[in-house]
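Okay, so here's the structure we're looking at.
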Amino acid sequence: MKPVHTAVGEMQRTAIDALRGLGFPFALAERVTHTLTWAEVVHGCGLQTIRRHEARIREAIPRAFGYSERSVGSRTISVLDAGGKITFESAPRAFDLADAGAKLHGIGLVVIRRTFGAALLGEFVMRSTERGLAVLVLCQPANPPAGAEDDPYTAILSLPDGGMKAATIAAADSSANVSDFAPLLAEIAEDAPSILGELSQGKPESAISNILIVSFKPQGNALSDSYTTAFDRCAAPSKGWQTDNGLLDRWRRAIDNGFEVDAADWKFMYSLVAQTRIVTSERSQSQAG
């Protein structure tokens with residue numbers, strides 16, 4: 001089927017009802033409609049993600065979050081146990097915690113355990129940089145290669161000056177993993193090896209990931225450049241990493257020119273909308289005031 005060309009605003013208006021049809025409460029659906037649109041525009045996989053995992057998303061919605069704190073050296077790490085929830089549910093809480101820590105202490109550290117949907121994180125990262133913070137995100141599948149199908153090893157770096165980079169690796173036979181970013185993390189926080197060690201905690205499960213979010217206040221342009229350079233060194237192609245520098249460019253082009261959505265995914269979105277709203281009929285249109 002021919003792809004559907006649509007506008008960013010149209011996707012956002014429609015997606016909020018689709019997310020409510022999926023089972024999310026209105027407030028959360030309103031918040032993450034932007035997240036879903038971002039993932040669809042930038043990665044082309046937002047709707048595909050919820051279509052493929054509709055059943056497990058619905059099943060996890062009633063579950064409660066677990067919360068704890070762990071001391072690593074002089075730092076405190078907030079730990080959210082998502083219980084298998086998609087990042088639509090886990091990431092808003094986690095990024096707010098990390099950003100609050102960064103505002104208060106210069107750095108905020110949060111680990112989300114047992115979640116999935118790494119490709120949905122870009123919009124949350126963008127929001128944090130709009131607050132004047134820098135963000136490093138590291139996603140590690142808890143049981144690769146099974147988890148790598150949906151959540152490959154992922155690293156995202158975003159700085160308040162507008163730069164955003166992402167690197168992924170999904171190859172099951174690769175020796176690369178997020179520990180490759182230890183040198184970059186060491187430039188941001190003390191006890192980097194211990195912080196990275198938190199990603200390997202918890203029960204390994206198929207298609208489930210642990211995610212580290214580091215929000216921090218960068219100190220000047222010179223250091224911002226050093227973060228970018230360190231990210232590029234860590235995401236070496238020789239190790240199998242694939243770096244994407246065009247995330248924000250794709251988003252800006254879509255705002256100006258619209259974007260294309262897979263027809264099957266578009267149809268699926270409207271099937272969710274139909275669970276929230278009755279499809280407009282000719283009679284209702286004729287009676288509209």
Side-chain angles (χ1 to χ4, degrees), residues 42-43 72-73 75 77 87 91 94-95 98 102 106-113 115 117-122 124-126 128-129 133-142 144-145 147-148 150-201 209-250:
V42 176
H43 300 294
V72 177
R75 304 289 182 187
I77 300 179
T87 51
F95 275 87
I107 185 170
L109 300 168
V110 177
V111 169
I112 313 173
R113 292 191 181 137
T115 192
L120 305 173
L121 294 174
F124 295 106
V125 173
M126 184 174 66
S128 294
T129 54
L133 299 170
V135 180
L136 173 66
V137 174
L138 299 176
C139 172
Q140 177 168 294
D150 299 304
D151 278 4
Y153 290 110
T154 300
I156 305 171
L157 175 68
S158 188
L159 302 167
D161 62 8
M164 184 186 291
K165 291 173 173 280
T168 57
I169 181 164
D173 59 350
S174 174
S175 61
N177 59 58
V178 293
S179 64
D180 293 337
F181 288 84
L184 171 57
L185 184 58
E187 291 194 20
I188 301 168
E190 300 173 354
D191 301 307
S194 297
I195 294 171
L196 279 173
E198 293 297 315
L199 284 175
S200 60
Q201 301 293 322
S209 295
N210 294 336
I211 297 173
L212 170 68
I213 301 168
V214 184
S215 292
F216 61 101
K217 294 180 179 179
Q219 304 296 320
N221 293 331
L223 280 179
S224 293
D225 292 339
S226 73
Y227 297 140
T228 301
T229 302
F231 183 92
D232 291 338
R233 285 199 301 266
C234 295
S238 59
K239 297 180 180 179
W241 288 99
Q242 297 179 334
T243 302
D244 185 350
N245 299 323
L247 291 80
L248 292 176
D249 288 340
R250 293 197 292 277

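Residue numbers start at 1 and run along the sequence shown.
To the nearest 0.5 Å, atoms CD1 (Ile107) and CD (Glu190) are separated by 9.0 Å. To the nearest 0.5 angstrom, Leu138 atom CG is 10.5 Å from Ile195 atom CD1. Note: Leu196 CG to Phe181 CZ = 10.5 Å, rounded to the nearest 0.5 Å.
Within the 4.5 Å cutoff, the side chain of Met164 has no heavy atoms near those of the Leu157 side chain. The shortest side-chain heavy-atom distance between Ile211 and Leu121 falls under the 4.5 Å cut-off. Between Val135 and Met126, every side-chain heavy-atom pair lies at or beyond the 4.5 Å cut-off.
Shortest non-hydrogen contact noted between Leu184 and Leu136 is CD2-CD1, 3.8 Å. Residues Ala119 and His43 share a closest heavy-atom pair of O-CD2, 3.3 Å. Contact between Glu198 and Val72 at its shortest, heavy atoms only, is OE2-CG2, 4.1 Å. Nearest heavy atom pair, residue Ala182 against residue Ala192, reads O-CB, 4.0 Å. Taking every heavy atom of both residues into account, Lys217 and Ala102 meet most closely at CE-O, 3.2 Å. Pro152 approaches Pro141 most closely through the heavy-atom pair C-CG, 4.0 Å.
Scanning for side-chain hydrogen bond (donor to acceptor under 3.5 Å, both in side chains) contacts around Ser128 gives Asp99, with sequence neighbours left out. For Phe216, the ring pair (Phe, Tyr, Trp, His ring centres under 6.0 Å) partners are Tyr227, not counting sequence neighbours. Every residue two or more places apart in sequence or in another chain was checked for a side-chain hydrogen bond (donor to acceptor under 3.5 Å, both in side chains) with Asp249, and none qualifies. By the side-chain contact (heavy atoms from CB on, under 4.5 Å) test, Ala94 is found to be paired with Leu80, Val110, Ile112, Ile213, residues two or more places apart in sequence or in another chain being considered. For Thr229, the side-chain contact (heavy atoms from CB on, under 4.5 Å) partners two or more places apart in sequence, or in a different chain, are Arg233. The side-chain hydrogen bond (donor to acceptor under 3.5 Å, both in side chains) search around Asp232 returns Lys165, not counting sequence neighbours. Ser179 meets the side-chain hydrogen bond (donor to acceptor under 3.5 Å, both in side chains) test with Asn177; sequence neighbours excluded. For Ala236, the side-chain contact (heavy atoms from CB on, under 4.5 Å) partners are Ser238, Lys239, not counting sequence neighbours.
Here the side chain of Thr154 pairs no donor or acceptor atom with the backbone of Cys139 at under 3.5 angstrom.
In this structure, Phe95 and Phe124 have parallel ring planes: the angle between them is below the 30° cut-off, well short of the 60° mark.
Partner of Leu212 under the side chain to side chain contact (heavy atoms under 4.5 Å, CB included) criterion, out of Val137, Val178, Val111: Val111 alone.
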